[in-house]
There are 2 protein chains.
Amino acid sequence: MYKKPIIRLSRYKNALYRFKSLGLVRIFSDNLADAVGATAVQVRKDFSFFGITGNKRGGYLIEDLLSKVNEILGKDKITKVIVVGAGHLGSALMNYKGFPQLGIQIAAGFDIDPVKINRKAPIPIFPLDELRDFIRTHTIKVAVIAVPDIAAQQVFNIMISEGITGIVNFAPLRLKTDKKCAVHNVNLGLELETIIYFANALEKENHEDGHFKS
Amino acid sequence: MYKKPIIRLSRYKNALYRFKSLGLVRIFSDNLADAVGATAVQVRKDFSFFGITGNKRGGYLIEDLLSKVNEILGKDKITKVIVVGAGHLGSALMNYKGFPQLGIQIAAGFDIDPVKINRKAPIPIFPLDELRDFIRTHTIKVAVIAVPDIAAQQVFNIMISEGITGIVNFAPLRLKTDKKCAVHNVNLGLELETIIYFANALEKENHEDGHFKS
DNA sequence: TAAATTTTGTTATTTTTTTCACATAAAATA
DNA sequence: TATTTTATGTGAAAAAAATAACAAAATTTA
Ligand SMILES: NC(=O)c1ccc[n+]([C@@H]2O[C@H](COP(=O)([O-])OP(=O)(O)OC[C@H]3O[C@@H](n4cnc5c(N)ncnc54)[C@H](O)[C@@H]3O)[C@@H](O)[C@H]2O)c1
Ligand SMILES: NC(=O)c1ccc[n+]([C@@H]2O[C@H](COP(=O)([O-])OP(=O)(O)OC[C@H]3O[C@@H](n4cnc5c(N)ncnc54)[C@H](O)[C@@H]3O)[C@@H](O)[C@H]2O)c1
């Protein structure tokens, strides 16, 4: 299914914009590798996989590369996204200034708590009741779930029944994908747990033999 | 290096606690598979990989399984974690109520902005100047970076030089791992971009042939 | 102009991860 | 007690991802 290469492609794209904003015109596979934490071969392998080619010894023209990568990623238009749950995490996302340059526009937030509602905010927050209608009238296709775990399934069901095709879920439970919708479960607690595991492993290694494995 | 099985092990553990809190005593591989979005074979394969065994036809005793999994994950003690950058994302993390039950204690936050400092809060927020000392005196080994990208490298360098062995970095740039420290780069913008890609792909599929691939 | 160098692009190999197939033990049923 | 059913456990195969090896083009240097 080749998921990793696609994720890296987005990384390359973001790195390319950074290089471009630095005034660069040409780029080499090892610069990109450095920027995204891959190897140069991997970068070229990925490009090869997607049919992207550069110039032997001349590297890649950033502009060319960007247009090819953006085409593959479908980054020609900006994507409207909604956030359901305007709590800590939801507001962090709604306040994040970096989305426009990723072609992402947070169109609205939704919450069940009346005090969170604010129809006049730059990114308005509507009551949950209006979620269905909003998705329909604004043809929203991508949504974020940032509600407590107990509420996540309910919100998910609404989204699915309204034809949402992509969801990032932050609630710490697994929402099952029906084939019509891609779901990405992001579990921040788990990210921390995982790094704690590897941190402990490194600690142990350090103490046990005083040097590090390659 | 077998990274995926370890990540799933943490997922199993969390699911097991949920099952346990529901009053269950015994569990089957397909229940666990369901809970974490894996297959039953995969669950058993993972267990087999870590030398965990159950009872043929009888499934697994949750209590036994938990103690074995926790032992492998080194989950006997609670881990102190610090958060550098007390902005939107940093405060979301510091306010999250779910960490204690994951054995995670957010010990303190740090920020460069004087208005964010609050030494008396339940989770105190200290000035960046005190980061070094705090890591040392509290023997902190795991940290979160939630500062803007331009500040991330600076913060990272301090952490590395003070012997931090695990970092979750939310700034959208790649922090390079030196062998002594495990770094996990979490890029929330990228998570959204990735799901947008797959959402678009599904959209296209729907329109092109009016039915779904298996 | 010839040789050396640099960097891409591709094929082959290895490692990691997932899936498949099925033997085996325990429990339930006949 | 014999048979069937239900789950586990693992070896083999397949798929995905990462790494290695190296040929070929473009450029630089001698
Ligand atoms: N904040 C973190 O660092 C963190 C870490 C790990 C996991 N999570 C998970 O992310 C999710 C959001 O976390 P948070 O810290 O923002 O929580 P939060 O409590 O701050 O916010 C949740 C928001 O959802 C709203 N809500 C509740 N039910 C709703 C419903 N049915 N429809 C719409 N809105 C509803 C609440 O009113 C609240 O505003 C939770 O599932 C949490 O477990 C958060
Ligand atoms: N909020 C999101 O949804 C989101 C999404 C994608 C990526 N990110 C990334 O996560 C990081 C944090 O995002 P945020 O929304 O919380 O940003 P924010 O601006 O709300 O918070 C950043 C905090 O870091 C502090 N800070 C700045 N320099 C510092 C330094 N040198 N040492 C200590 N503290 C310092 C600031 O005072 C501020 O309080 C950023 O790198 C951002 O790009 C956030």
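Lettering follows sequence order; numbering is per chain, from 1.
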A:Ser29 side chain near C:dT7 phosphate (N/O to OP1/OP2, under 4.0 Å): no
Sugar-phosphate, base or nothing in reach of B:Phe47, heavy atoms under 4.0 Å: nothing
Any A:Arg8 side-chain N or O less than 4.0 Å from OP1/OP2 of D:dA18: yes
Interatomic distance, B:Ile7 CD1 vs C:dT16 C1' [rounded to whole Å]: 13 Å
Short side-chain N/O contact to C:dG9 OP1/OP2 from A:Tyr60, under 4.0 Å: yes
5' precedence on DNA chain D between B:Gly54 and A:Arg44 (nearest-nucleotide basis): B:Gly54
Spacing of B:Phe49 atom CZ relative to C:dT15 atom P, expressed in whole Å: 14 Å
Sugar-phosphate only, base, or nothing, as touched by B:Gly58 at under 4.0 Å among non-hydrogen atoms: nothing
Nucleotide nearest A:Lys56 (side chain, heavy atoms from C-beta), chosen from D:dT8, C:dG9, D:dT10: C:dG9
Neighbour count >12 (heavy atoms, 6.0 Å) for atom CD, B:Gln101: no
Between D:dT10 (P) and B:Gln42 (CD): distance, integer Å: 17 Å
Touch class at under 4.0 angstrom, heavy-atom based, for A:Asn55 against every strand present: sugar-phosphate
Under-4.0 Å side-chain N/O to phosphate OP1/OP2 contact, A:Ser48 with C:dG9: no
Touch class at under 4.0 angstrom, heavy-atom based, for B:Lys3 against every strand present: sugar-phosphate
For atom CD1 of B:Ile27 and atom P of D:dT8, their distance in whole Å: 10 Å
Distance test, side-chain N/O of B:Lys45 to OP1/OP2 of C:dT18, below 4.0 Å: no
B:Thr53 side chain near D:dG9 phosphate (N/O to OP1/OP2, under 4.0 Å): yes
Shortest side-chain distance from A:Lys4, nucleotide among C:dG9, C:dT8, D:dA18: D:dA18
Between C1' of D:dA18 and OH of B:Tyr2, the distance in whole Å: 13 Å
Nucleotide C:dG9, atom P - distance to CZ of A:Arg57 in whole Å: 15 Å
Atom-to-atom span, CG of B:Asp46 to P of C:dT17 - whole angstrom: 10 Å
Short side-chain to backbone donor-acceptor contact, B:Lys97 and B:Asn95, under 3.5 Å: yes
Pairwise side chain to side chain donor-acceptor pair (under 3.5 Å) hits with a residue in residues 132-154 of chain B, at least two apart: B:Arg132-B:Ser161, B:Arg132-B:Glu162, B:Arg136-B:Glu162, B:Gln153-B:Asn157
Minimum side-chain heavy-atom gap A:Leu190-A:Glu193 below 4.5 Å: yes
Nucleotide nearest A:Val41 (side chain, heavy atoms from C-beta), chosen from D:dA20, D:dG9, C:dT17: D:dA20
Gap between atom CG of B:Leu9 and atom NZ of B:Lys75 - 0.5 Å precision: 11.5 Å
d(CG, A:Asp30; C1', C:dG9) in whole Å: 15 Å
Aromatic plane relationship, A:Phe47 with A:Tyr60 - under 30° parallel, 30 to 60° tilted, over 60° perpendicular: perpendicular
